[in-house]
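Below, each value reflects all heavy atoms present in this structure, side chains not excepted, and no hydrogens, waters or symmetry copies.
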Amino acid sequence: IVQTPIETPPLKLPANLSPSATLFDHGAAEIARQLTMLDFALFARIKPLELVNQAWVKPKYSHQAKNILHYAERMNTLTRWAATSILAQKGKSERARLITELINIADELYKLNNFSSFIAVINALEGSAISRLQSSWNKVDRKVCGRLDELYDLII
């Protein structure tokens, strides 16, 4: 089987991007798009043989499922990154802004059918370290919280 390289679309940068811009200045749709392209590159490496007999859960056979394990670790890393990004914010308002942005990113990931990263971001938001930040959650717009509830309902 010959695999041809996948041509990815170029990054869509905001017109007035400042030198002190952060990842979140690129917007939820673009962040979700870039995550989806990264995920696809990892997903495309998984070989059918790696799926046989659930080798990824058996230490004895895990060497046969390196790409699946790498993909799973990528999702765990994304969950940890999202939670850490929120916790790294100094104040309640900054945390609420980032929670809102991550909810918007999760929504965009869902629209792109990128369920792996979607679940990873949702897991970060519902993890104990983030869900207990009640004073920050109180500053998140109710409409955004309503959308998060709808997203939760999709995976329950």
Side-chain angles (χ1 to χ4, degrees), residues 6-18 20-48 50-51 54-57 65-156:
I6 299 166
E7 182 117 2
T8 57
L11 177 65
K12 296 177 183 174
L13 294 173
N16 55 353
L17 194 61
S18 76
S20 61
T22 69
L23 171 68
F24 295 102
D25 293 325
H26 293 280
E30 183 60 20
I31 294 168
R33 200 171 75 90
Q34 293 298 320
L35 287 171
T36 300
M37 288 188 288
L38 290 170
D39 293 349
F40 179 74
L42 293 175
F43 184 78
R45 291 182 188 151
I46 297 172
K47 307 289 185 248
E50 294 183 59
L51 301 169
Q54 297 181 340
W56 64 93
V57 296
K66 290 179 182 173
N67 292 310
I68 291 176
L69 292 171
H70 185 69
Y71 190 75
E73 183 54 35
R74 161 87 170 81
M75 295 308 122
N76 292 335
T77 300
L78 180 57
T79 298
R80 288 189 302 269
W81 168 81
T84 302
S85 296
I86 294 168
L87 296 172
Q89 302 305 306
K90 295 198 185 329
K92 299 170 193 170
S93 295
E94 292 86 2
R95 286 187 184 126
R97 181 189 57 78
L98 205 51
I99 288 169
T100 299
E101 189 63 27
L102 286 165
I103 293 168
N104 291 334
I105 291 168
D107 190 31
E108 293 295 330
L109 288 164
Y110 178 75
K111 291 175 188 173
L112 291 170
N113 296 321
N114 182 348
F115 301 113
S116 298
S117 286
F118 165 72
I119 295 291
V121 173
I122 293 294
N123 283 343
L125 293 168
E126 69 179 13
S128 62
I130 304 306
S131 63
R132 67 187 168 100
L133 299 172
Q134 202 55 50
S135 55
S136 295
W137 280 101
N138 289 339
K139 292 182 174 285
V140 176
D141 183 87
R142 292 294 145 225
K143 185 177 178 182
V144 175
C145 286
R147 181 59 183 148
L148 179 60
D149 289 340
E150 292 170 3
L151 294 172
Y152 280 150
D153 288 344
L154 294 170
I155 59 174
I156 293 178

Crowded around Arg142 CZ? As in, over 12 foreign heavy atoms under 6.0 Å? yes
Is it true that, when you exclude Phe43 itself, more than 12 heavy atoms of the residues, nucleotides or ligands shown sit nearer than 6.0 Å to its CZ? no
Can you tell me how far apart [atom1] ([X]) and [atom2] ([Y]) are? Round to the nearest 0.5 Å.
X	Y	atom1	atom2	result
Gln54	Ile68	CD	CD1	9.5 Å
Phe40	Leu42	CZ	CG	10.5 Å
Leu125	Ile86	CG	CD1	5.0 Å
Ile105	Glu108	CD1	CD	9.0 Å
Gln89	Glu94	CD	CD	6.5 Å
Leu148	Ile122	CG	CD1	5.0 Å

Applying side chain to side chain contact (heavy atoms under 4.5 Å, CB included), run through Glu73 and Asn76 and close with a yes or a no. CA-CA 5 Å; Glu73 183 54 35; Asn76 292 335; 3.9 Å; yes
Donor-acceptor under 3.5 Å (Glu50 side chain, Trp56 main chain): no
Is there side-chain contact between Ile155 and Phe118, with heavy atoms separated by less than 4.5 Å? yes
Less than 4.5 Å apart, any side-chain heavy atom of Gln34 and any of Glu30? yes
Quiz question: by atom type and distance under 3.5 Å, do the side chains of Ser116 and Asp39 form a donor-acceptor pair? no
If we ignore angles and hydrogens, is there a donor and acceptor under 3.5 Å between the side chains of Arg80 and Thr77? yes
Over all atoms of both residues, closest heavy-atom pair of [X] and [Y]:
X	Y	result
Ala83	Ile130	O-CD1, 3.6 Å
Thr79	Ala120	OG1-O, 2.9 Å
Glu101	Ala28	OE2-N, 3.2 Å
Val121	Ala106	CG1-CB, 3.9 Å
Ile103	Leu151	O-CD1, 4.2 Å
Glu126	Ser131	O-OG, 3.8 Å

Which is it for Met75 and Ile119 under the side chain to side chain contact (heavy atoms under 4.5 Å, CB included) test, yes or no, and what are the steps along the way? CA-CA 8 Å; Met75 295 308 122; Ile119 295 291; over 6 Å; no
Checking side-chain contact (heavy atoms from CB on, under 4.5 Å) against Ser117, which of Leu78, Ile31, Thr36 comes through? Leu78
Let's go through Arg74 and Leu69 carefully: what are the C-alpha distance in whole Å and the side-chain angles of both, what is the deciding distance for side chain to side chain contact (heavy atoms under 4.5 Å, CB included) to 0.1 Å, and is it a yes or a no? CA-CA 9 Å; Arg74 161 87 170 81; Leu69 292 171; over 6 Å; no
Which word best sums up how the rings of Tyr110 and Phe115 line up, parallel for under 30°, tilted for 30 to 60°, or perpendicular for over 60°? perpendicular
